Amino acid sequence: MGLYKLRAAAKINLYLEILGHRSDGFHELIMVMQSLDLADRVTVKSHVGSGIYLHCDHPQVPKDHTNLAYRAAALMAQTFPQAAAHHGGVDITIDKKIPIGAGLAGGSADAAATLVGIDLLWQLGLTQQELQDLGAQLGSDIPFCISGGTALATGRGEQLDTLHGLTGLYAVLGKYNSLSVSTPWAYQTYRAQFGETYLDLATMGADRRAAIHSGPMMGAIAHQDSAKIGQLLHNDLEKVVLPAHPAVTELKTAMSQAGGLGTLMSGSGPTVFTLTQTQSEAEAIAQQVKAHLPDPDLGLWVTQFAPIGVQLMPA
Ligand code: ATP
């Protein structure tokens, strides 16, 4: 019976712009994604018999077919029925470290690790692109969570251009444990409030993508100019999530006043992050924010940028 242990990295968005409506009902996006050292541990192993069993001791993580990691295993079994029949059932164990419903792609990271783990378990020899195409069937963030590092994501977020990997940067993450934001809610609310500002993608989408490609954020990443990256952080979804959650606005203000290169909400939130050049600076910011907002519900993490999404660990 094989067994694989994988690290499944969280991500933050250094840039998130909503361009417009797509004909498939999703939004057309331009994002800069960055993997973090903060990661779940996902163990995938075969068991005699059949079926998918998911174990996780975190009370908020679903253990049934709604878990994205379970859905990833089900997709593999459906796509490769002969391998599934040959190797038997799959046990997935998730050691949850990434906060849930946080805008950090925790579920997508677990699904990414499950796809990679089952590919190894069943000796399928799939390419990274083949794994990413499977992942895209389940969620737009999964392809990035497989490869990770620093990437420009377009389309629904599943089309990736790998960028010069940002290294040596730290992030302080802040999130109220009891608060989570639904990603569909954030996008639907954005559409309701800002839908009339959307670009006509057929005539203007390519120009906007080209402008971002040759724009200041891409230049700052290419030159590893962290001060500039900090100034250029941007997330359109802040326009709907921050007004709906005054506590997140207050957290963002407190984090921003504590120092660092720049502060932003990640994805659909509610996690807010501040970038720093050193770990000691990140720790000082976390302490200052804790002193300013002494709420036991507020979780603060110090983590580093990571060069990879899913990583195989020694068994
Ligand atoms: P994203 O940034 O991709 O929008 P997120 O970080 O906001 O994701 P998740 O932590 O992935 O959100 O969880 C969102 C919801 O998905 C949870 O409330 C949970 O019910 C469900 N879920 C399904 N699978 C998982 C998983 N493996 N880990 C955590 N939550 C999961």
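Owing to the predicted nature of the structure, the values given are computational and were not obtained by experimental measurement.
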Which pairs of donor and acceptor atoms, one on a side chain in residues 161-173, lie under 3.5 Å apart (sequence neighbours left out)?
from, atom 1, to, atom 2, distance (Å)
H164, ND1, A222, O, 3.3
H164, NE2, Q224, NE2, 3.4
Y170, OH, Q304, NE2, 3.4

Is NZ or CZ of K11 both nearer than 6.0 Å to the six-membered ring centre of F144 and within 45° of the ring axis?
no
Would you say that Y53 contacts I92 through its side chain, given a criterion of any heavy-atom pair below 4.5 Å between the two side chains?
no
S268 versus T183, side-chain donor and acceptor atoms under 3.5 Å
yes
Say whether, by atom type as modelled, one donor and one acceptor occur between the side chain of S140 and the main chain of A136 under 3.5 angstrom.
no
Considering residues, nucleotides and ligands other than K45, do more than 12 of their heavy atoms fall under 6.0 Å from its NZ?
no
Could you point out which residue of D37, D40, D95 forms a salt bridge (Lys or Arg N to Asp or Glu O under 4.0 Å) with R7?
D37
Any side-chain to backbone donor/acceptor pair from S266 onto G103? Under 3.5 Å, distance only.
yes
Step through the shown structure and confirm whether more than 12 heavy atoms of other residues, nucleotides or ligands are within 6.0 Å of NE2 on H223.
no
Is there a chain of hydrophobic side chains (I, L, V, M, F, W, Y, each step under 4.5 Å between heavy atoms) that links V42 to I118?
yes
Evaluate side chain to side chain contact (heavy atoms under 4.5 Å, CB included) for R191 paired with I18, printing each intermediate quantity in order.
CA-CA 9 Å; R191 191 190 300 261; I18 298 175; over 6 Å; no
Y15 versus I212: any side-chain heavy-atom pair under 4.5 Å?
yes
Provide the closest heavy-atom pair for I146 versus A112 in the form atom of the first, atom of the second, distance.
CG1-CB, 3.5 Å
Keeping H213 on the side-chain end and R209 on the backbone end, is there a donor-acceptor pair under 3.5 Å?
no
Just verifying a value: how many Å separate L121 CG and H87 NE2, rounded to the nearest 0.5 Å?
7.0 Å
Taking atom types as modelled, is there a side-chain donor on Q287 or E283 under 3.5 Å from an acceptor on the other?
no
Please confirm whether the backbone N or O of L14 pairs with a side-chain atom of Q34, one donor and one acceptor, at under 3.5 Å?
no
Side-chain donor/acceptor of H47 to backbone N/O of G51, under 3.5 Å
yes
Shared hydrophobic cluster, L237 / V248 (ILVMFWY, side-chain heavy atoms < 4.5 Å):
yes
Verdict with reasoning, H21 to E28, per side chain to side chain contact (heavy atoms under 4.5 Å, CB included)
CA-CA 6 Å; H21 293 293; E28 182 75 17; over 6 Å; no
Side chains of L36 and F273: closer than 4.5 Å at any heavy-atom pair?
no
Closer than 3.5 angstrom, by distance alone: can the side chain of H58 be matched with the main-chain N or O of Q60 as a donor-acceptor pair?
yes
Honestly curious: do F26 and Y187 fall in one hydrophobic cluster under the side-chain, below-4.5 Å linking rule?
no
Taking C-beta and beyond as the side chain, do P99 and L104 meet within less than 4.5 Å on heavy atoms?
yes
Do V44 and D91 have side chains that get closer than 4.5 Å, going by heavy atoms?
no
Do the side chains of K5 and P314 get nearer than 4.5 Å, heavy atoms only?
no
Please give me the minimum heavy-atom distance between L138 and L68, naming the atom from each residue.
O-CD2, 4.1 Å
Establish, yes or no, whether a centroid distance under 6.0 Å links the rings of Y198 and H27.
yes
Steps toward side chain to side chain donor-acceptor pair (under 3.5 Å) verdict (N67, H65)
CA-CA 5 Å; N67 192 299; H65 64 279; over 6 Å; no
Taking side-chain contact (heavy atoms from CB on, under 4.5 Å) as the test, write out the residues that go with D133, two or more places apart.
Q129
Where is the tightest heavy-atom contact between V289 and A258, given as atom of each residue plus distance?
CG2-CB, 4.1 Å
We want to know whether K239 and Y190 form a side-chain donor-acceptor pair, criterion being a heavy-atom distance below 3.5 angstrom.
yes
Run the numbers on D110 and K96 for salt bridge (charged side-chain N to carboxylate O under 4.0 Å, His left out), then give the verdict.
CA-CA 9 Å; D110 296 343; K96 201 77 196 158; 2.9 Å; yes
Which atom names give the shortest non-hydrogen contact between A8 and A109, and what distance separates them?
CB-O, 3.4 Å
Worked check of side chain to side chain contact (heavy atoms under 4.5 Å, CB included) between F305 and I12:
CA-CA 9 Å; F305 280 21; I12 49 174; 4.1 Å; yes
Backbone N or O of R156 within a donor-acceptor pair of the E158 side chain at under 3.5 Å?
yes
Under 4.5 Å between side-chain heavy atoms, hopping through other hydrophobics if needed: is there a path connecting L19 to L160?
no
Quick one: CE on M76 to OG1 on T114, what's the gap to the nearest 0.5 Å?
9.5 Å
Nearest-0.5 Å distance that lies between atom CG in L29 and atom CG in D236:
9.5 Å
Does any non-hydrogen side-chain atom of L179 lie less than 4.5 Å from one of H245?
yes
Do side-chain atoms of D119 reach the backbone of L126 as a donor and acceptor pair under 3.5 angstrom?
yes
Report the distance from atom CD of E196 to atom CD of Q193, rounding to the nearest 0.5 Å.
10.0 Å
Atom pair OG1/CG of T271 and L251 - distance to nearest 0.5 Å:
9.0 Å
Let's go through T263 and L233 carefully: what are the C-alpha distance in whole Å and the side-chain angles of both, what is the deciding distance for side chain to side chain contact (heavy atoms under 4.5 Å, CB included) to 0.1 Å, and is it a yes or a no?
CA-CA 7 Å; T263 302; L233 297 174; 5.8 Å; no
Side-chain contact, heavy-atom cut-off 4.5 Å: N13 with V32?
no
State yes or no: do I94 and L312 share one hydrophobic cluster built from I, L, V, M, F, W and Y residues joined by side-chain heavy-atom distances below 4.5 Å, directly or via other members?
yes
For the atom pair CG (L199) and OG1 (T197), what is the distance rounded to the nearest 0.5 Å?
8.0 Å
Is a donor from one side chain sitting under 3.5 angstrom from an acceptor on the other, for D297 and S178?
yes
Looking at A254, is its backbone amide N or carbonyl O close enough to the side chain of Q257 to form a donor-acceptor pair, meaning the two atoms are under 3.5 Å apart?
no
So with a 6.0 Å cut-off around CG of D64, is the heavy-atom count from everything else above 12?
yes
Looking at every heavy atom in both A282 and T276, which two are closest together, and how far apart are they?
CB-OG1, 3.4 Å
Check for a donor-acceptor pair, side chain of S35 on one end and backbone N or O of G148 on the other, with a separation under 3.5 Å.
no
Considering all heavy atoms, the nearest K175-G101 contact
CE-O, 3.9 Å
